[in-house]
Amino acid sequence: MRPDTLDLLRCPYCGGRLDLVDSLFHRRDGDAIRDGILGCQCCTFAVVDGIPVLHLQPESTAARDHVQAGRVDLARRAMFGIDDAALAEAFEAVAASPTATFRETVDALGENFEGGYFLYRFSDPTFVVADAVVRAVGSTVLGPSRRAIDICGGSGHLTRSLIPLTAAPPLLADLYFAKLWLARRFTAPGCEPVCCDGNAPMPFARGAFSFAMCVDAFMYIWTKRQLVGEMARLVGNAGDAAVLIGHTHNERTWSPSHGQALPPEGYAALFETMTPRLFAEANLFADVVAGGPLDLSRRDSPEALDADPALTIVASAHPGVFTRHPIEADLAASGEFRLNPLYAAEPSGDRLILRLRFPSDDYAQEYGASRRYLPEEVTIDRAALAAVERGGPAAGECADLIRRKVIVDLPKRYY
Ligand SMILES: [Zn+2]
């Protein structure tokens, strides 16, 4: 954990500043804190493997005791939730390997994130809309060094979208330590993870951020009013900042993994100090499928909002936010370009025939709208694909397939 991250942290319970307790066991990497104990006026918290653990669930108090005793290995096992010694050793071998992939590491944890669908995350319709909204709003309100936070951001797939928008490392907050650890290692290298509870006050200073977002998770938060109040506090209610709640389900229209959804006016009423705008996700999706612009100047009708299974909510007084934003596919990979794993490839002379294959009926039901941009069948020159996968410049048919998500920019060593 970087020292400038420590400056932003506040105790979720007393609101006090947190400082490293020098008299107790700690380890540093340069000026970053790797393991140790943080203290405020009411409480102490552990830093485990560079991740501050700012909640008081049973595993975190166990980890704190282990760190205090100098047993950082046991603290890490407690946070990963591995109590079997053989499993722990197998995982630690994978974690120590510089060539292990995201997928191998998840498998070694015995986890099955998102039913294994994380492999396809970067081309699913929910992600492509959220990614476009995050880039549009984030690039508007983040300057060269202003900060963003991804709340309940899981293993950091959208935190990654924030990284090119500012030189300040984005913060990633989530309850699940393993996801944060994977995000920093694979999905969003350079982010600063913080383990905390979205149903508790956020452990950060007022006005620490210019952009606070919570995407594809808000409907699972029970204390919705508190979290929106906290997001407004984190951006200091500043006129040039923004709060984004992306892909939250609609109480009026059923969707898979529905959660505790609210109706549109219920979401709007959560914002007491900012004025939100609600968008029907289907309209934003149509913008993305058309290649842009993403029209945040639109005013969706109450009927359109009521009928959409998912809503996107943006609150900001920045004049550049509620405008039309161009969408430009990045033709330089931030990770590495790979053939989308939804495609089965069959050689045919110098070319590959690519056929769309959904992994299951459940996947097809939840994410089948990706057919609007993913072609059923397409071919590509084998040498051109190989060159782009090696990091060569993307042009011609490869650039077109990057725009259509047939070729995706995956984190390095993803699977
Ligand atoms: Zn405290």
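Counting starts at 1 for both ligands and their atoms, following the listed order. The first residue of the sequence shown is numbered 1, and numbering continues consecutively from there.
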Output all residues satisfying salt bridge (Lys or Arg N to Asp or Glu O under 4.0 Å) with E336, sequence neighbours left out; order by chain, then residue number. R338
N/O donor to acceptor pairs below 3.5 angstrom from side-chain atoms of residues 2-12, sequence neighbours left out:
unit_1, atom_1, unit_2, atom_2, d
R2, NE, D4, OD1, 3.0
R2, NH2, D4, OD2, 2.9
D4, OD2, R147, NH2, 2.9
T5, OG1, E192, OE1, 2.6
R10, NH1, D7, O, 2.9

Can you say whether the rings of Y363 and F358 are parallel (under 30°), tilted (30 to 60°) or perpendicular (over 60°)? tilted
Could you work out, with side chain to side chain donor-acceptor pair (under 3.5 Å) as the rule, every residue matching Y120, not counting sequence neighbours? none
What do the steps show when you test E328 against R135 for salt bridge (charged side-chain N to carboxylate O under 4.0 Å, His left out), and what is the final call? CA-CA 10 Å; E328 277 153 33; R135 287 170 190 266; over 6 Å; no
Atoms (protein N, O or S; no water) under 2.8 Å from the Zn ion (ligand 1): 4
Pair F186 and Y414, ring centroids less than 6.0 Å apart: no
